[in-house]
Undergrad: 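Shown below is the structure under consideration.
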Amino acid sequence: EDVIVDPWTVSGNINYDKLIEQFGSQPLTPALIEKFERVTGRTAHTWIRRGIFFSHRDLDAILDNHAAGKPMYLYTGRGPSSESLHLGHLIPFHFTKYLQDVFRCPLVIQMTDDEKFLWKDLQLDECHRLAAENAKDIIACGFDITRTFIFSDLDYIGSMYPNIVRIQKAVTYNQVRGIFGFDDSCNIGKHAFPAVQA
């Protein structure tokens with residue numbers, strides 16, 4: 001059976017060591033978990049301790065920067081395509097809430113209502129409405145309101161556009177095709193969207 005792991009699909013018999021190699025991440029080792037607890041003064045999240053979250057990118061450098069008092073922020077998002085979030089949608093938000101509490105840092109949450117319009121059979125106004133509905137579930141996770149910024153791409157695109165075009169100029173069509181697996185039948189919005197998300 002073919003193994004598929006991309007932004008939209010996970011199928012097949014998954015080998016996590018191969019995923020770590022394929023995506024260029026590093027395993028969360030007992031030594032790194034101990035460093036996390038020492039630097040933050042907090043017990044590592046249950047999902048880390050039990051190996052549910054098993055790899056990372058740059059956590060060692062993040063911990064060094066945190067120990068040195070350097071500022072940081074967290075970033076996550078949601079592509080709204082339903083009225084409310086289910087447990088699978090909430091897992092990354094609950095973990096991000098834990099990280100915000102540990103690092104006492106700002107959090108940016110991008111509601112990619114434009115993405116769902118491009119990928120799903122939904123009207124644009126409906127995607128925008130679902131973003132507002134989903135934001136209510138995200139807010140209910142208990143993020144620090146003084147350190148959290150939630151925005152809709154459709155509402156905020158004008159502020160983001162200068163960075164979007166810089167990214168579009170730096171990334172080739174072949175790079176986007178290779179990363180996301182697009183073919184010639186995909187609409188041009190799908191090809192342009194990675195720069196918006198970045």
Side-chain angles (χ1 to χ4, degrees), residues 1-37 40 42-63 72 74-103 107-122 130 134 137-138 141 167 171-187 189-198:
E1 182 180 353
D2 288 338
V3 174
I4 299 171
V5 178
D6 64 28
W8 305 278
T9 307
V10 175
S11 66
N13 188 10
I14 307 301
N15 179 321
Y16 292 97
D17 292 331
K18 284 185 180 179
L19 279 184
I20 288 172
E21 181 181 324
Q22 179 183 354
F23 288 104
S25 62
Q26 300 296 316
L28 274 170
T29 63
L32 187 57
I33 294 169
E34 186 277 325
K35 179 178 180 177
F36 179 94
E37 293 179 338
T40 66
R42 300 281 297 269
T43 302
H45 195 284
T46 302
W47 297 335
I48 293 174
R49 292 193 323 268
R50 293 191 176 180
I52 295 170
F53 287 12
F54 60 90
S55 74
H56 71 96
R57 284 188 186 216
D58 300 322
L59 181 57
D60 198 46
I62 291 167
L63 293 172
M72 64 175 278
L74 301 169
Y75 163 82
T76 191
R78 164 82 180 130
S81 59
S82 62
E83 288 285 330
S84 59
L85 278 64
H86 60 61
L87 183 60
H89 296 138
L90 289 169
I91 287 172
F93 290 107
H94 282 281
F95 188 70
T96 303
K97 162 76 165 90
Y98 163 81
L99 292 174
Q100 186 182 49
D101 291 345
V102 167
F103 291 110
L107 165 63
V108 176
I109 302 173
Q110 180 179 15
M111 304 300 287
T112 57
D113 39 10
D114 54 343
E115 174 193 25
K116 288 307 168 189
F117 173 70
L118 294 169
W119 264 267
K120 300 282 186 179
D121 186 23
L122 295 169
L130 291 173
N134 285 192
D137 291 342
I138 293 167
C141 292
I167 293 164
V171 178
T172 69
Y173 173 75
N174 284 336
Q175 287 173 316
V176 171
R177 259 184 80 161
I179 292 167
F180 291 96
F182 297 145
D183 60 31
D184 293 338
S185 68
C186 293
N187 66 59
K190 289 181 180 181
H191 293 276
F193 181 75
V196 175
Q197 188 160 25

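Start at 1 with the first residue, then count along the sequence.
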Undergrad: Once rounded to the nearest 0.5 Å, what's the spacing between atom CE of Met72 and atom CG of Leu63?
TA: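 The CE atom of Met72 sits 8.5 Å away from the CG atom of Leu63.
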Undergrad: Kindly compute the distance separating OH (Tyr98) from OG1 (Thr46), expressed to the nearest 0.5 Å.
TA: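 The OH atom of Tyr98 sits 8.5 Å away from the OG1 atom of Thr46.
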Undergrad: At their closest point, which heavy atom of Gly77 faces which heavy atom of Ile109, and how far apart are they?
TA: CA-CG2, 4.2 Å
Undergrad: Between atom CD1 of Ile179 and atom CG of Asn174, what is the distance when rounded to the nearest 0.5 Å?
TA: 11.0 Å
Undergrad: Side chains of Thr76 and Leu74: closer than 4.5 Å at any heavy-atom pair?
TA: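 No, every pair of side-chain atoms sits at 4.5 Å or beyond.
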Undergrad: Going by the side chain to side chain donor-acceptor pair (under 3.5 Å) test, name the single residue among Thr29, Asp60, Thr40 that passes it with Lys35.
TA: Asp60
Undergrad: CZ/Arg42 to CG/Leu99 distance, rounded to the nearest 0.5 angstrom?
TA: 10.0 Å
Undergrad: Just checking Tyr75: does its OH atom have more than 12 heavy atoms from other residues, nucleotides or ligands closer to it than 6.0 angstrom?
TA: yes
Undergrad: I want to check something: taking the side chain as every heavy atom from C-beta on, are Glu37 and Arg49 in contact at a cut-off of under 4.5 Å?
TA: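 They are in side-chain contact.
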Undergrad: Working to the nearest 0.5 Å, report the span between CZ of Arg78 and CD of Gln110.
TA: 13.0 Å
Undergrad: For the CD atom of Gln26 and the CG atom of Leu59, what is their distance to the nearest 0.5 Å?
TA: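 Taking CD in Gln26 and CG in Leu59, the distance rounds to 11.0 Å.
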Undergrad: Specify the closest pair of heavy atoms between Cys141 and Phe93, including all atoms of both residues, with the distance to one decimal.
TA: SG-CB, 3.9 Å
Undergrad: Is Arg177 salt-bridged to Asp184, going by a charged N under 4.0 Å from an acidic O?
TA: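 Yes, Arg177 and Asp184 are salt-bridged.
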